[in-house]
Amino acid sequence: MLLFYVDESGTGLSDKKLDYFILASVAVHIDFCPEMYRNVSSLKRDIFPYLKPEDWEIRGRNIRQGDDAFKKRSWMERVSIFENIAATLSSPSFHLFAVLANKKQFSSEFIGSEWTDQDLYRVTFSKLLDELNSFLVSQETRGMLFLDSRASQHSSIQDRRLIDAYSEWASRSESRFVELPIFGFSSFYPGLQLADFFGYLTNCVSNEKVKEKIDKTLMLPDEARKHDLQKAFDRLRERIVTFVEIP
């Protein structure tokens, strides 16, 4: 059985600066889970030897912005962290999926002002489920979904809406998922932290396209930083099963 960890990146319909809202998933075979836990714990110990791996989360945005525990790390140190996490994700044991919802095209071609971020999530989630389900069919196996809980209680309205979106999709699909999505806190699930990282990298390379220049020294500082993150993303390309844009 395959386990799929899902997280989002990007912003909603009201943000006109970023083109994409993104759902990303990291999949692993259930037999690989103990090794994934060990690898992620080892990676986190290398980054902060004085902290327990359970004391902090891998969050792409925090690493890039130098927030929280990363405040004292230089940009090049943080780039090295990005590359090390990408190296972990580049293992053949991982399968990566991303669906990018082009908000501008949705707004201009498909939807009206009455649409909400909930609708955007529902459509993107449905497409991601199609892709994951097709992969399960190709692998002749079953799967389970793990999502980052959006609230402090499992009974929250936000989580219930995701259950409803999944149920709507399952009612018209031959689902190979064995159960409804499981909601958990990312601090407890290394797979969710890796999904956050992959989603954030996808966000960076999609919403913040780097202008191609032969000589990196000719780039503006922010362009150079985006180029550094692009290199980390490129390490993952061989593990990406799905990278699609909708509509």
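Note that this is a predicted model, so its numbers are computed, not measured.
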Using every non-hydrogen atom in the two residues, find where [X] and [Y] come nearest and quote the distance to one decimal.
| X | Y | answer |
| --- | --- | --- |
| Arg239 | Leu89 | CG-O, 3.6 Å |
| Gly199 | Ala24 | CA-CB, 3.5 Å |
| Leu192 | Gly184 | CD1-O, 3.8 Å |
| Leu120 | Ala101 | CD1-CB, 3.9 Å |
| Phe125 | Leu162 | CE2-O, 3.9 Å |
| Asp117 | Gly12 | OD1-CA, 3.4 Å |

For [Y], is there any backbone N or O sitting under 3.5 Å from a side-chain donor or acceptor partner on [X]?
| X | Y | value |
| --- | --- | --- |
| Asp119 | Thr116 | yes |
| Arg235 | Ala86 | no |
| Ser173 | Ser175 | no |
| Asn203 | Ser9 | no |
| Ser74 | Glu77 | yes |

I'd like to know if the side chain of [X] pairs up with that of [Y] as donor and acceptor (distance under 3.5 Å, no hydrogens or angles considered).
| X | Y | value |
| --- | --- | --- |
| Gln193 | Ser186 | no |
| Trp56 | Asp68 | no |
| Arg172 | Ser126 | yes |
| Asp19 | Asn207 | no |
| Ser167 | Asp164 | no |
| Thr11 | Lys103 | yes |
| Asp130 | Trp169 | yes |

Charged N to carboxylate O under 4.0 angstrom, [X] versus [Y]?
| X | Y | value |
| --- | --- | --- |
| Asp67 | Lys71 | no |
| Lys52 | Glu54 | no |
| Arg237 | Asp234 | yes |

| field | Candidate pair Arg64 and Tyr200, rule side-chain contact (heavy atoms from CB on, under 4.5 Å), full reasoning | value | CA-CA 10 Å; Arg64 181 186 183 183; Tyr200 186 78; 2.9 Å; yes

Would you mind reporting whether [Y] and [X] have side-chain heavy atoms less than 4.5 Å apart?
| X | Y | answer |
| --- | --- | --- |
| Ile58 | Asp196 | no |
| Leu201 | Leu236 | yes |
| Leu194 | Phe198 | no |
| His29 | Met1 | no |
| Asp15 | Phe21 | no |
| Val6 | Leu128 | yes |
| Asn84 | Leu43 | yes |
| Val244 | Phe97 | no |

| query | Do Leu229 and Phe233 sit in the same hydrophobic cluster, where Ile, Leu, Val, Met, Phe, Trp and Tyr count as joined when their side-chain heavy atoms come under 4.5 Å apart? | reply |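 Shared cluster, yes.
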
| request: Kindly work out whether a path of hydrophobic side-chain contacts (I/L/V/M/F/W/Y, heavy atoms less than 4.5 Å apart) joins Ile85 to Leu51. | output: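 Same cluster: Ile85 reaches Leu51 through Ile, Leu, Val, Met, Phe, Trp or Tyr contacts under 4.5 Å.
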
| query | Do the ring planes of Phe4 and Phe135 sit parallel (below 30°), tilted (30 to 60°) or perpendicular (above 60°)? | reply | perpendicular

| task | Specify whether Phe94 and Phe32 have parallel, tilted or perpendicular ring planes, treating 30° as the upper limit for parallel and 60° as the lower limit for perpendicular. | result |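 It falls in the perpendicular class, over 60°.
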
Could you measure the distance from the [atom1] atom of [X] to the [atom2] atom of [Y]? Nearest 0.5 Å is fine.
| X | Y | atom1 | atom2 | result |
| --- | --- | --- | --- | --- |
| Leu147 | Glu8 | CG | CD | 9.5 Å |
| Arg38 | Cys33 | CZ | SG | 11.0 Å |
| Tyr50 | Arg45 | OH | CZ | 15.0 Å |
| Arg176 | Asn133 | CZ | CG | 7.5 Å |

| task | With sequence neighbours left out, write down each residue that passes side chain to side chain donor-acceptor pair (under 3.5 Å) with Ser90, or none if nothing qualifies. | result |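 Testing Ser90 for side chain to side chain donor-acceptor pair (under 3.5 Å), a comparison that skips the adjacent residues, returns none.
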
| Full working for side-chain contact (heavy atoms from CB on, under 4.5 Å) between Asp228 and Trp75 | CA-CA 10 Å; Asp228 290 331; Trp75 170 248; 3.0 Å; yes

| said: I need the single residue from Leu100, Val99, Leu96 that forms a side-chain contact (heavy atoms from CB on, under 4.5 Å) with Phe243. Which is it? | reply: Leu100

| Among Ile47, Ile63, Asn62, which residue meets the side-chain contact (heavy atoms from CB on, under 4.5 Å) test with Arg78? | Ile63

| message | Would you say that more than 12 heavy atoms from the other residues, nucleotides or ligands in this model lie under 6.0 Å from the CZ of Arg61, or not? | response | no

| field | Test ring pair (Phe, Tyr, Trp, His ring centres under 6.0 Å) applied to Phe82 - qualifying residues, sequence neighbours left out | value |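 Scan of Phe82 (ring pair (Phe, Tyr, Trp, His ring centres under 6.0 Å), adjacent residues dropped) gives Phe197.
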
| message | side-chain contact (heavy atoms from CB on, under 4.5 Å), that's the test. Do Leu145 and Tyr5 meet it? Break it down for me. | response | CA-CA 6 Å; Leu145 288 162; Tyr5 299 92; over 6 Å; no

| query | Could you walk me through whether Met144 and Ile182 pass the side-chain contact (heavy atoms from CB on, under 4.5 Å) check? | reply | CA-CA 8 Å; Met144 290 194 70; Ile182 295 174; 3.2 Å; yes

| said: Glu168: which residues meet the side chain to side chain contact (heavy atoms under 4.5 Å, CB included) condition with it, sequence neighbours left out? | reply: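 Glu168 satisfies side chain to side chain contact (heavy atoms under 4.5 Å, CB included) with Arg122 only.
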
